[in-house]
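Here is the structure we will look at, set down as structure tokens.
What you see is a predicted model, and the numbers here were worked out from it, not measured in a lab. First listed ligand is number 1; within each ligand, the first listed atom is number 1.
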Amino acid sequence: MRKRLVAGNWKMNTDLNDGFKLLKEILHNVREPELKDCDVHIYAPFTHLKIFHNSLNGSGITLGAQNCHHKEGGAYTGEVSAQMLTSVPVESVLVGHSERRAYCGETNEILAEKVTTALANGLNVIYCYGETLEERESDQHFDVVKSQIEEGTAHLTEEQWAKVTLAYEPVWAIGTGKTASAEQAQEIHAYSRKVLEGISSASVAQNTRILYGGSVKPNNAGELFSMEDIDGGLIGGAALNAESFAGIITA
Ligand code: PGA
């Protein structure tokens with residue numbers, strides 16, 4: 001059985017003071033029994049990680065970063081390496097979020113290297129993928145999803161897959177208030193498992209968690225998470241409010 005996972009992606013929001021306040025509210029709102037049935041991750045800005053690590057200690061909530069560099073280290077001014085994250089320590093990292101693909105030119109090839117570097121440094125990975133509106137409207141969404149998964153992760157071993165979660169995030173649903181219907185999301189999630197089986201094995205396809213992301217809110221989370229192949233959510237906007245984040249975990 002795949003355990004549910006709800007992950008909050010804070011993006012470039014909150015300064016350290018506001019972020020710390022929000023973290024305290026989340027710790028207050030998320031009830032311990034729920035953590036038995038559902039893993040909870042928070043992907044915070046780099047500047048917040050050390051102090052968040054200290055506060056989350058023993059809470060059962062996992063701390064993650066939103067990115068790391070694909071190279072191990074060296075002359076990459078302004079970048080943060082996977083090893084730096086491990087030293088915080090941070091347990092997990094987002095790779096391939098559509099905003100980084102679109103604004104930072106991250107290609108599947110770079111992302112494949114990034115997944116390898118993150119895993120080699122002991123981090124877990126949430127690998128994100130998803131089509132744009134244009135790609136969906138021109139009926140290319142299956143091909144796009146397939147190539148993003150294959151080119152970013154086909155090199156992984158079964159052992160490495162145990163540390164990787166996928167997150168399907170249709171770009172047209174991110175931050176737009178437009179959610180994919182539960183059926184649309186389920187269709188891509190089921191297809192993603194087929195792709196996974198093709199590049200790895202039936203057991204990897206069955207055991208890998210696949211999250212849905214894109215305007216998930218407390219009032220639509222229940223329906224999305226009830227679908228057979230949807231194992232939880234990657235939450236942006238609604239993760240910035242402790243009550244709505246907790247509402248999604250309850251769902
Ligand atoms: P959203 O963002 O929930 O605000 O749509 C999701 C994401 O980008 O991970």
Side-chain angles (χ1 to χ4, degrees), residues 4-14 18-19 22 26 29-30 38-46 48 61-68 90 92-106 111 114-115 118 123-136 141 144-145 148-149 152 164-182 184-186 188-189 192 209-225 227 230-251:
R4 300 303 173 104
L5 166 59
V6 170
N9 171 15
W10 287 20
K11 309 193 180 185
M12 196 169 72
N13 292 298
T14 72
D18 291 344
L22 175 58
I26 289 172
N29 275 269
V30 175
C38 179
D39 288 334
V40 175
H41 292 190
I42 291 178
Y43 291 83
F46 290 132
H48 300 22
I61 296 178
T62 295
L63 180 62
Q66 297 167 21
N67 181 41
C68 67
V90 159
S92 186
V93 66
L94 298 181
V95 172
H97 191 281
S98 67
E99 285 149 17
R100 295 208 56 88
R101 290 178 187 263
Y103 308 142
C104 306
E106 295 193 354
L111 296 171
K114 195 179 291 213
V115 173
L123 294 165
N124 294 311
V125 167
I126 296 186
Y127 180 79
C128 312
Y129 61 98
E131 81 285 357
T132 62
L133 184 59
E134 208 181 12
E135 288 161 345
R136 178 164 280 263
H141 45 301
V144 170
V145 158
Q148 288 181 342
I149 297 174
V164 176
T165 296
L166 294 181
Y168 169 57
E169 299 204 299
V171 178
W172 47 273
I174 295 178
T176 58
K178 253 193 230 166
T179 321
S181 69
Q184 278 174 323
Q186 165 59 28
I188 296 288
H189 282 232
S192 301
R209 291 189 286 198
I210 308 180
L211 312 181
Y212 167 78
S215 300
V216 178
K217 306 277 183 272
N219 63 4
N220 59 25
E223 192 189 356
L224 285 159
F225 298 171
M227 304 308 279
I230 302 182
D231 304 312
L234 181 54
I235 320 299
L240 295 171
N241 176 290
E243 273 175 38
S244 61
F245 189 56
I248 291 168
I249 295 165
T250 305

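Atom numbering of ligand 1 starts at 1 in the shown order; those under 4.0 Å from a heavy atom of N9 are 9 (O). Remark: ligand 1 atoms within the under-4.0 Å shell around heavy atoms of A173 are 5 (O). The distance from ligand 1 to the heavy atoms of G237 drops below 4.0 Å at these ligand atoms: 1 (P), 3 (O), 4 (O). Taking every non-hydrogen atom of G214 and a distance limit under 4.0 Å, the qualifying atoms of ligand 1 come out as 5 (O).
One option in K178, K217, H97, K11 has a heavy atom closer to atom 2 (O) of ligand 1 than any other, and that option is K11. Of the listed options G175, G8, A167, G236, G175 places a heavy atom closest to atom 5 (O) of ligand 1.
Here the rule is side chain to side chain contact (heavy atoms under 4.5 Å, CB included) with V93, and of V125, I126, V115 only V125 fits it. With respect to E106, the side-chain hydrogen bond (donor to acceptor under 3.5 Å, both in side chains) criterion is satisfied by exactly one of R101, H97, K114: K114. Checking H141, R136, Q148 one by one against E131, the side-chain hydrogen bond (donor to acceptor under 3.5 Å, both in side chains) holds for a single residue, R136.
Considering backbone and side-chain N/O of E169, one or more are found under 3.5 Å from N/O of ligand 1.
Environment of CD in E223: sparse, with no more than 12 heavy atoms of neighbouring residues, nucleotides or ligands closer than 6.0 Å.
Using a 30° and 60° split on the angle between ring planes, Y168 and Y129 fall in the tilted class, from 30° to 60°.
Looking at N29 and F245, their side chains never come closer than 4.5 Å, going by heavy atoms from C-beta outward.
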